Each structure stands twice: as structure tokens, then as C-alpha cells.
Amino acid sequence: MSHTPFIIGAYVVALLGFGGLLVASLLARRRIKRELGHRGLERR
Amino acid sequence: MASLHVLANPARFRRFSQKVLPVLSGATALVLAVGLYLALVESPPDYQQGETVRIMFIHVPSAWLAMAGYALLAGLGAALLVWRHPLAALMARAAAPVGAVFAAVCLLTGSLWGRPMWGTYWVWDARLTSMLLLFFLYLGHIALSRAYDDAERGDRAAAILALVGVINLPVIKFSVDWWNTLHQPASVMKLGGPSIHPAILTPLMVMAAALLLLFVVLVMVRTETEIDRRRLDAAERAQ
Amino acid sequence: MTDLEVTGLGCRRGGRPVFRDLSFSLAKGELLALTGRNGSGKTTLLRALALLVPADAGAIHWQGADVAADREAWRRRIAWLGHLDGLKGDLTVRENVATACHLREEGTERVDAALAAFELGPLASRSVRTLSAGQRRRAALARVVAAGARLWLLDEPLNALDAPSQAALRAALGQHLATGGLAIAATHAPIDVPNARTLLMDSSPPPGGEEHEP
Amino acid sequence: MSGFTALLARDLRLVWRRPGDVMVVLAFFVVATVLFPLGIGPETNLLARIAAGILWCAALFAALLSLDRLFAADYEDGALDLLLLAPWPLELAALAKCLAHWIVTGLPLAVLAPFMGLLFGLSGEGLAALGLTLLVGTPALSLIGGLAAALTLGARRGGALLALLALPLCVPTLIFGAGAVEAVATGGGFLTHLAILGALALLSLATLPWAIAAALRQAGE
């Protein structure tokens with residue numbers, strides 16, 4: 001029973017978990033910054 | 001403690017993180033690339049675990065960071081409750097989901113490691129079980145901080161929970177270990193292996209550094225968002 | 001000689017400033033009526049005086065000493081009437097007032113006089129659950145009278161009170177002030193009692209001052 | 001009369017006036033435990049082995065069930081303000097509330113559980129272990145649950161959130177409580193388990209009243 005599928009699986013899990021969180025966080029930051037922009041409150 | 005005070009003001013933190021983040025994310029990508037190369041290509045299969053030791057390079061660092069993340073929550077909680085730090089609340093709200101994801105990745109990779117080694121996806125191993133409970137503590141913290149209309153009320157309630165949680169973590173670990181030796185045959189191999197073979201140590205450390213940097217980047221990005229979100233709420237309420 | 005001295009008091013609620021730089025003083029035998037529109041911070045000020053809500057700025061002194069230094073002594077000195085009556089529905093009127101005294105670690109010798117002051121004698125052994133809102137408010141006021149505290153903090157004491165009960169409240173308050181007590185009441189309708197002063201809480205929250213961070 | 005005893009007496013009198021609330025919790029415990037043999041099957045040796053875990057879990061859920069009203073009633077009728085303004089430490093008030101909860105749920109559960117143990121074919125010493133461990137273990141549950149109740153005062157979805165917060169913290173008590181009964185079943189002694197349960201209760205006693213008081217003060221802000 002070769003182990004490679006489990007190894008690949010582990011790294012895919014890491015990619016989905018960490019990558020997914022990173023993308024979600026960046027998108028959330030952009031959305032909030034745009035909303036602040038609409039209200040004319042964004043930073044200099 | 002002066003540096004902590006300097007960053008106490010969320011706006012100043014925001015300017016600091018905007019300057020530091022590009023450099024930090026570059027470093028993270030670099031160290032991660034090196035780590036992945038060492039972990040997947042360079043290092044030899046372990047004499048005991050064979051190829052599956054490569055799963056360790058994700059599993060073990062994410063366990064460390066999940067635990068360190070909860071200690072961070074407790075520290076930020078103390079800063080919020082004792083000194084009413086405005087930034088501590090926002091950083092805790094940003095860091096909790098990051099810690100939870102690290103705990104989840106640790107659990108999933110642990111079970112993917114368990115399948116080839118022990119034949120089942122879930123083993124009531126002491127460390128995995130403690131990590132599962134830590135994951136529940138994270139969920140509790142996230143749910144509690146969002147359970148109130150007044151965000152500041154949620155932050156302070158979650159801070160109390162984090163402080164109580166961090167006191168109970170060793171107790172939970174001790175009781176699960178005891179429970180584990182009671183029911184589990186002693187032959188189950190410890191996850192980390194009796195002693196870490198040097199050939200495995202370097203990729204493990206590099207990956208740990210990479211994931212630590214990733215943790216910091218994630219927390220800083222999310223803290224910026226929380227600062228802006230709080231300013232948005234304040235603006236809406238002021239109308 | 002002023003007993004209560006409030007200087008530069010400022011409070012926030014949910015991140016928003018409610019009032020700032022509030023200063024006033026109160027001497028024995030005086031009532032301070034807080035007036036102002038809803039949301040102008042009357043309740044927040046009362047809760048700040050009772051140290052239930054932390055103040056951002058300013059200080060509260062009682063006879064020269066900062067009240068935050070000895071919170072338990074300060075709590076012994078105040079009697080509280082909130083929006084809610086603080087009564088247990090399953091206990092009788094007398095049990096509620098007596099328990100309130102016990103919870104303040106004080107004797108119950110003033111209970112009967114307090115019940116009589118608000119004509120609660122006939123209702124004394126009825127459980128509060130069966131009372132009307134006005135009767136419940138009178139029971140809560142009786143609790144304040146029975147506490148025998150120097151400073152009364154009353155939030156909308158006239159709520160739900162009919163004319164005779166309002167007269168009873170004026171009498172009890174007058175008697176409290178006459179014996180050297182003090183009182184601060186948030187109220188819409190005026191309470192005409194000798195040497196009452198008024199503090200108008202302006203309802204527009206003050207400008208944020210310097211660009212305020214959350 | 002000290003404030004502590006006044007608050008304890010008041011809460012116990014309130015329960016006495018409305019015994020239904022407590023009966024429901026104990027009835028839940030009985031019904032919950034009876035379900036398991038129906039679900040798992042009547043063979044006694046299996047039931048005897050799993051009896052400890054099931055009875056302890058059912059006791060845990062029964063204790064949690066009655067917790068969300070612990071402070072909510074005072075929060076809603078304004079009595080919490082009077083506790084916050086009582087001229088004695090709020091930590092003692094938190095302790096009095098948790099003690100009242102323990103007397104009303106933990107104690108009766110510890111008395112009732114051995115009888116339920118008979119349904120699972122537990123032996124005499126097993127029943128004694130069950131009762132004793134529940135007696136020593138449930139104070140920690142009342143304190144942990146008290147903290148969860150105080151933290152969720154005025155929160156949305158209070159009930160489920162309360163369980164999510166309390167259950168992970170109750171795990172050590174559950175492990176040593178159920179472990180003690182099982183140790184007896186396998187012929188060992190359960191004194192060490194009892195000692196650890198006592199230690200867990202003391203740890204909760206030493207830390208949780210302060211946390212509960214801090215949570216209650218926030219609810220008053």
C-alpha cells in the first residue's frame with residue numbers, strides 16, 4: 001500500500017487550509033477597504 | 001514594553017503592518033519554498049515511518065503553532081482585560097480563526113498520517129485528542145466573540161474564556177494522557193517518534209519557520225481588516 | 001460642604017462617547033434631577049456613579065476621597081433603582097425587600113416602615129409575580145427606602161406610578177433629604193421637592209475631538 | 001447574616017417555590033440514561049462496561065441543561081445589578097450561585113445515579129464509586145457551567161453556545177469520573193481517581209469564581 005496518496009493528501013489539505021485562509025483574509029481586507037473608500041474614510 | 005505601547009494605537013499598527021507585510025510575505029514565500037524542497041525532495045525516507053514522515057513536516061509544526069496561537073489569545077486577552085488595550089481585542093479576533101485553521105490542518109494531516117501507519121483515519125492518541133479539544137476551545141472563542149451585538153463585549157467575554165482555557169490546557173493534556181495510557185495498548189508509537197533523526201530535523205525546523213511566518217502574516221492581514229471593520233462600525237453608528 | 005464631587009466625567013457606550021467633561025457637586029439634603037432626551041446618557045451617568053460602568057475620564061469623590069479607592073464602602077453608601085425593578089417574581093413583597101437588605105448585609109428593621117411608606121402593607125405577603133407594574137415599582141422603591149443608604153440613585157422613579165404613589169415617593173424622598181441624605185434621579189417629569197437642582201444632559205453626543213481610533 | 005448565605009438561601013427558596021424546574025432536569029437524566037440500553041441492547045456485560053461513561057455523560061448534560069437560567073433570571077429582572085452593587089465581593093456571589101446550582105442538580109444526581117446504575121448491572125462497589133465520583137466531580141461542573149452561563153449572558157443562541165464553551169473544559173472531570181467507575185469494574189481501586197477529581201474541583205474553586213465575577217461585571221456594563 002504505497003503511501004504517496006496520503007502524503008499528497010496531507011499537502012493538499014495544508015494548501016487548502018492555509019491557502020484558503022490566506023485568500024479569504026486578503027479578499028476580506030480588500031472588501032472592507034473598498035467599503036471604507038465609499039465612505040471617504042480611507043487612510044491618506 | 002515601550003514597543004508594545006507604541007503599537008497599541010491601532011492606526012499606528014496599521015501603518016507599521018503596511019510597511020512590514022510586503023517584506024514579511026516575501027520572506028515567508030522564500031522560506032516555504034526552501035522548506036517544501038527539503039521536505040519533499042531532499043530528505044530521505046525515515047527508517048521507521050518511511051515516506052510518511054513527510055506528513056510530519058506539516059503535522060508537527062501546525063500542532064506547535066495551534067498551541068502557540070492559543071497562548072497568544074490568552075496573552076492578548078490578559079492585555080485587553082488588564083490594560084484595556086484596543087489593539088489586543090482586534091488582534092485576538094483576527095488570530096483565533098488562524099489558530100483554529102492550524103489546529104484543523106494538524107488534525108487532518110494527523111489522521112492522514114494515521115491511515116497508513118495504524119490502518120485507521122482516527123486514533124484516540126493522546127496528542128490528537130488534546131488537539132481536537134484545543135480545536136473546540138478555538139471554536140468556542142470565535143463563537144463567543146461574535147455572539148454579542150456589541151463587539152467589544154464579545155472581545156472581553158472571549159478574553160476571559162481564553163485565560164480560563166489556557167489554565168485548563170495542561171490539565172486537559174494531563175487527563176487525556178492518563179486516559180490514553182489507561183485504554184490504549186502501550187505499543188502505539190508516539191507521533192513525533194522516540195528521537196528525531198537529524199536528517200529529519202532540518203526540514204522540520206525550516207517548515208516550522210515557514211509556517212510561523214505564515215501565521216504572523218495571516219494574523220497581521222486579518223488584524224488590519226479587523227481595525228478597518230471596527231472603524232466602519234464606528235462610522236455607521238456615528239451617523 | 002459638598003459630599004459628592006464629580007469632575008470631568010466622560011463615558012463611552014459601545015465605542016461611542018455618551019458624555020464628556022461632566023462636572024457637578026451635590027451636598028447633603030439635595031436632589032439632582034437629570035433631564036434630557038432619551039439616549040442623552042442619563043442612565044449611563046447613573047451607572048457610572050454606581051461604578052457599574054467604567055468612566056473613560058474624570059473622577060468621583062465622596063467627601064474628598066476617590067470612590068474607586070474603596071468600592072465596597074461606596075456600594076454600602078448607595079441605594080440603586082434601575083429601569084428594571086430587581087424583584088424576584090416568586091418571592092413575596094416582604095421577602096423581596098427583606099432579602100435585599102440581607103444582600104446588603106444589613107438588618108431588616110427598616111422593612112416595615114418602607115412598606116408602609118408606599119402602602120404596601122396589604123400586599124406584603126403577595127408574590128410579586130401577581131402585582132401590577134405600578135405596585136412592583138412601589139415595591140422596588142420600598143427596597144430603596146429600606147436600604148437606608150446615604151445616596152439614592154434613581155432611574156426614572158416615577159415610571160408607572162399613579163398620583164398617590166408619586167405623592168408617596170415625594171414624601172419618602174423629602175424625608176430622606178431632610179435627614180441629610182442625597183439623591184440623583186433621571187426623570188422626565190419634574191419631582192418638586194425642596195432644594196432640587198436640575199442637570200440638563202444635552203442629547204447630541206459631543207464631537208469626537210481628535211480623529212478617534214476605535 | 002452574611003451576604004453569601006443570604007444569596008444562597010434566596011436561590012434555594014426560589015427553587016423550593018418552583019420545584020418543577022429541578023424535577024425536569026432529574027427526569028431528563030433518568031430518561032437519557034434509559035435510552036442507551038434501548039439503543040445498545042440489553043446484554044448486561046456490555047452495559048456494565050459502558051455504564052460509567054453513559055451515566056457520567058448524562059449527568060454532565062443534565063447539569064448543563066439547568067445552567068442557562070443560573071444568571072439569566074437575575075439579568076432579566078434587574079437582580080443582577082443588585083448583586084453587582086452588593087457591598088461584598090462579587091466572587092463570593094458567583095460562588096453562592098454555583099453552590100446553589102450544585103445543591104439543586106449535582107447533589108441529587110450523585111444520589112440518583114447509583115439507582116440508575118442498577119439498570120446497567122453495576123455491582124455494589126461500582127455503584128458506590130459512581131455516587132462518590134459524581135459527588136466530588138459535579139462541583140467542578142457547576143463552576144465551569146457557571147462561567148459559561150455568565151459569559152453567554154445576553155448573547156444570541158445562548159444555550160448551544162453555553163454547551164460549546166463548557167464541554168471542552170469539563171473533559172478532565174468526565175475522564176476521571178468515568179475512569180474511576182471503570183477502574184472498579186476491572187477490579188482496581190478508584191481512590192487515585194477520586195483524589196484527582198477532588199484536585200480538579202479545587203482548581204475550579206480557586207480560579208473560576210474570579211472569572212465568573214469578571215464576566216458578570218461585563219454583563220452589567
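Chain letters run A, B, ... following the sequence lines, proteins first, then strands; residues in each count from 1. As the structure is a prediction and not an experimental result, all values here were calculated from the model.
When heavy atoms are compared at a cutoff of 4.5 Å, Ala93(D) does not approach chain C at all. If you measure heavy-atom distances from Gln218(D) to chain C, you find no contacts under 4.5 Å at all. Contact of Leu52(C) with chain D is made through backbone and side chain together, with heavy-atom distances under 4.5 Å. The parts of Arg76(C) that come within reach of chain D are both its backbone and its side chain, each placing non-hydrogen atoms under 4.5 angstrom from that chain. Heavy-atom distances place no part of Arg77(C) under 4.5 Å from chain D, backbone and side chain included. For a residue to count as touching a neighbouring chain, one of its non-hydrogen atoms must lie under 4.5 Å from one of that chain's; by this rule Leu51(C) does not touch chain D. Residue contact with chain D, scored on non-hydrogen atoms closer than 4.5 Å, involves the backbone of Asp85(C) exclusively.
Not a single donor-acceptor pair under 3.5 Å links the side chain of Arg13(D) to the backbone N or O of Leu91(C). The backbone N or O of Leu84(D) lies less than 3.5 Å from a partner atom in the side chain of Arg75(C), making a donor-acceptor pair.
Between Asp74(D) and Lys88(C) there is a side-chain heavy-atom pair separated by less than 4.5 Å. A heavy-atom distance below 4.5 Å is not found between the side chains of His102(C) and Arg10(D). Here the side chains of Pro89(D) and Glu72(C) are in contact, with some heavy-atom distance below 4.5 Å.
Within a 6.0 Å radius of CG in Leu191(D), no more than 12 heavy atoms belonging to other residues, nucleotides or ligands are found.
Taking both residues in full, the closest heavy atoms of Arg47(C) and Asp81(D) are given as NH2-OD1, 2.9 Å, listed atom of the first, atom of the second, then distance. The two residues Leu103(C) and Ala86(D) come nearest to each other via the heavy atoms O-CB, 3.8 Å.
In terms of heavy-atom pairs under 4.5 Å with chain D, the best-connected choice from Ala100(C), Pro54(C), Ala140(C) is Pro54(C).
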